[in-house]
Amino acid sequence: MTLALLLIAIFLLFLLRVPMAFAILGPSIVYLLSEDYSLGLAVRLVMGGINSWPLLAVPLFILVGIVATRTEMADRLYDAAVLLLGPLRAGLAYVNIGVSLGFSWMSGAALADAAGIGSIEVNHMRKKGYPAEFSVGLSASSALISPIMPPSIPAVVYASVAAVSTGALFAAALIPAFLMTAALVIVVYLWARRRPDLVGQPYNWSAVRRAVLRALPPMGAPVLILGGILGGFFTPTEAAGIGALYMLLLAFSYRTVTVHQLGVIFRDTGVITAQIMLIIGASSLLSWILAREQVPQAVASAMLGLTDNPLVFLLIINLVLVFLGMILEPTSALLIITPILLPVAIEFGVDPVQFGSIVIFNLMIGLLTPPMGGVCFVLSSVTGIPVEKVFRGAAFYLPAMIIVLLLITYVPAMTLWLPDVLGL
Amino acid sequence: MDPDGSRPSGTGPDSVHQAAVELVGEAPEELVLGQEANPELLPTREPFRSMIHWIGLVEQAIGTGLVVVILLLVLTQVAQRYIPGQGWPWTGEVARYAMVWTAFILSGYLLAHDRHISIHVVDYVLRGRAIAAVKTLADVAVLLTCLVMAYATWDLIANDIGQVTAAAEMPLKYVNIPVLVGLALSALRAGLSILVADIPGLLHGSEAT
């Protein structure tokens with residue numbers, strides 16, 4: 001079986017709604033058999049891909065996110081955002097961004113944000129007269145803050161594949177995540193200027209003060225996690241464990257979590273972990289095949305033959321990544337392309353940490369674009385808004401995202417300054 | 001005051017939440033443990049229906065337990081830094097294997113609840129027997145992959161030469177058993193899906209799927 005056939009088979013199986021892990025595994029096994037390798041190698045490579053200490057941070061960060069979104073902490077954060085930002089003109093749009101920003105400190109996955117709090121925000125906005133496309137587009141776009149802002153699950157996965165420091169990647173992602181938030185705020189502000197009907201309301205300052213105080217304990221989790229990692233007290237995996245323990249203790253202290261709910265929280269953590277890990281395992285097998293076929297070397301020599309200008313290289317990389325993000329699920333795309341493109345990027349003098357931020361940002365944009373835009377499909381499913389409307393709504397925010405992408409691509413300080421200052 | 005007189009009304013957490021609810025409205029509810037997301041994928045006849053339901057419950061229970069184990073072992077690893085003595089170097093290794101087992105043990109549950117990450121674009125394009133045919137192809141691909149992987153894992157277990165893991169010294173053949181079980185259960189779910197949902201879908205159109 002040739003490499004081209006293998007990749008075509010994988011893509012066809014993706015389109016035929018075969019679960020991604022099996023769509024990668026099936027043709028890869030056929031490849032191994034055609035090359036006279038033992039099938040045991042496939043099992044060992046898949047297990048070896050999952051069996052990693054840095055990746056242990058993934059289930060624990062998922063646990064932190066689930067505890068944050070399914071217990072009273074969600075109400076506390078949401079209430080604070082509503083009371084603080086809701087009274088502004090077009091306030092619910094700012095609430096949408098603010099809540100996504102708040103949860104992004106605890107949850108590292110866009111789909112979880114979109115399916116949970118994102119759908120609630122869309123319903124609230126529509127009830128208050130916001131256009132469906134604008135509301136759902138904003139929820140889809142703001143959901144992308146989660147996988148970019150640390151603790152980011154794609155960052156943990158990239159760090160594991162690229163053998164770079166997870167702490168450095170977390171630090172590198174802070175400025176891009178805030179830039180993205182600012183870009184969305186600016187888009188909403190400009191839109192709201194043309195909507196005089198969405199008037200502001202008077203503030204209930206007493207409620208605002210109490211709501212903010214109530215939201216402070218949950219916000220202690222990101223302080224503990226990021227402070228622990230960036231301060232050098234914990235590894236990211238240990239920080240994720242400490243963060244999960246803190247959130248569970250907090251949830252118990254509020255006396256609102258039942259044993260049954262706790263079971264659901266741990267079960268769903270396992271379910272999401274299994275979803276991600278099976279793709280990681282399958283992609284490890286595919287990465288081994290790509291390395292055996294010397295694909296990274298071939299791509300590097302093709303790219304160097306095309307241009308020796310790093311700026312042109314980065315432009316090409318962005319176009320390729322946005323395209324791949326449009327047709328592949330981010331985790332599998334990240335796992336497949338990082339071993340291929342990272343050595344090329346290093347040849348062009350791009351720092352692996354900056355490259356990681358560029359890759360993650362690009363692939364997340366793919367969650368908003370047809371044909372595969374995962375966040376749009378999730379939001380369509382949970383809100384009942386037709387998916388083409390969701391795509392149109394998300395497209396409204398894409399120019400702002402692309403400006404941020406170009407900034408992090410062509411201004412290395414946007415991603416490298418903070419890790420340098422922190423000595424990571 | 002509150003009914004129990006513990007705090008003045010309008011100043012407690014409930015009043016804060018009420019103020020926010022007045023601005024936006026209430027949020028929806030969550031799902032529960034043991035609930036079947038796709039009961040139509042269960043066999044219609046007893047005792048098979050109950051058997052598959054119970055397998056799902058056991059998968060969930062083991063997956064849930066493994067996540068708890070991962071959390072406890074990572075916390076133990078952190079604690080060892082601050083506790084004098086040699087510590088337990090096996091905690092990290094067992095936590096890593098627990099993550100591998102979680103992935104495989106819950107794979108069948110993911111199939112049964114259509115929770116594996118997959119691209120459903122085709123659902124928006126095709127209807128009736130065409131979508132039933134695609135679902136059948138997808139399930140056949142999963143079934144074959146799981147069977148081959150399960151065979152390969154069985155082969156590793158059967159031909160084990162007594163290797164053990166580095167830190168915990170767990171025999172590798174035992175480490176591979178949950179992987180084999182997970183793959184076998186996934187094959188079972190894929191096979192059931194073909195028999196219970198896909199074939200009726202092919203025969204009767206989209207209503208059966």
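Chain identifiers are assigned alphabetically (A, B, ...) following the order of the sequence lines, protein sequences preceding nucleic acid strands; residue numbering begins at 1 within each chain.
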### Query
Between A:I29 and chain B, which part of the residue has a heavy atom less than 4.5 Å away: side chain, backbone, both or neither?
side chain
### Message
Parallel, tilted or perpendicular: which one describes the rings of A:H124 and A:Y78, with boundaries at 30° and 60°?
### Response
tilted
### Query
Picking from A:S52, A:A21, A:S38, which has the most non-hydrogen pairs under 4.5 angstrom with chain B?
A:S52
### Message
What's the separation between atom CG in B:L156 and atom CG in A:L41, rounded to the nearest 0.5 Å?
### Response
9.5 Å
### Query
Can you tell me if CD on A:E388 sees more than 12 non-hydrogen neighbours from other groups inside 6.0 Å?
yes
### Summary
Counting heavy-atom pairs under 4.5 angstrom with chain A, the leader among B:A95, B:G92, B:G63 is B:A95
### Query
For A:T235, is it the side chain, the backbone, both or neither that has a heavy atom under 4.5 Å from a heavy atom of chain B?
both
### Task
Identify which part of B:D123 has an atom lying under 4.5 Å from any heavy atom of chain A, answering side chain, backbone, both or neither.
side chain
### Query
Non-hydrogen atoms of chain A under 4.5 Å away: do they reach the side chain of B:I119, the backbone, both or neither?
both
#### Entry: Top contributor to chain A interface from B:T102, B:L137, B:I70, B:V68 [non-hydrogen pairs under 4.5 Å]
B:V68
### Option that, when pairs with chain A are counted at under 4.5 Å, heavy atom only, ranks first among B:D155, B:N159, B:T153
B:T153
#### Entry: Part of B:I117 lying under 4.5 Å from any heavy atom of chain A
both
### Message
For a quick check under 3.5 Å, do B:S193 and B:R189 share a side-chain donor-acceptor pair by atom type?
### Response
no
### Query
Got B:W90 and B:L73 here, is their nearest side-chain heavy-atom distance under 4.5 Å?
yes
### Message
Determine whether a donor-acceptor pair (N or O, by modelled atom type, separation under 3.5 Å) exists between the side chain of B:E93 and the backbone of B:A168.
### Response
yes
### Message
Using heavy-atom distances under 4.5 Å, tell me whether B:V134 contacts chain A through its side chain, its backbone, both, or neither.
### Response
both
#### Entry: Atom group of A:L16 that falls short of 4.5 Å from chain B, counting heavy atoms
both
### Task
Select one option (side chain, backbone, both, neither) describing which atoms of A:L248 are under 4.5 Å from chain B's heavy atoms.
side chain
### Message
Counting heavy-atom pairs under 4.5 Å with chain A, which one of B:H116, B:M149, B:M99 comes out on top?
### Response
B:M99
### Query
How about A:L262 and A:F266: do any of their side-chain heavy atoms sit closer than 4.5 Å?
yes
### Region of B:L71 that comes under 4.5 Å of a non-hydrogen atom in chain A
both
### Message
With chain B as the partner, which of A:V271, A:T269, A:L25 has the greatest number of non-hydrogen pairs under 4.5 Å?
### Response
A:V271
### Task
Determine whether more than 12 heavy atoms belonging to other residues, nucleotides or ligands lie under 6.0 Å from atom CH2 of B:W88.
no
### Query
Relative to chain B, which segment of A:V58 carries a heavy atom at a distance below 4.5 Å: side chain, backbone, both, or neither?
neither
### Task
May I ask you to name which of A:A74, A:G270, A:P19 has the most heavy-atom pairs under 4.5 Å with chain B?
A:P19
#### Entry: Residue A:V208 versus chain B: region with a heavy atom under 4.5 Å
neither
### Message
If you count every heavy atom of other residues, nucleotides or ligands that lies below 6.0 Å from A:F233 atom CZ, does the total exceed 12?
### Response
no
### Task
Test side chain to side chain contact (heavy atoms under 4.5 Å, CB included) on B:V122 and A:L15 and set out the steps.
CA-CA 7 Å; B:V122 74; A:L15 286 182; over 6 Å; no
### Query
Side chain, backbone, both or neither: which part of B:A141 has a heavy atom under 4.5 Å from chain A?
side chain
### Query
If you draw the axis of the six-membered ring of A:Y254, does the NZ or CZ of A:R76 fall within 45° of it and under 6.0 Å from the ring centre?
yes
### Query
Where does A:L55 contact chain B at under 4.5 Å (heavy atoms): side chain, backbone, both or neither?
both
### Query
If you measure from CD on B:Q60 to CD1 on B:I105, what distance do you get to the nearest 0.5 Å?
13.0 Å
### Task
Verify the neighbour count for atom CZ of B:R81: are there more than 12 heavy atoms of other residues, nucleotides or ligands below 6.0 Å?
yes
### Query
Among A:A274, A:A244, A:G91, which has the most heavy-atom pairs under 4.5 Å with chain B?
A:A274
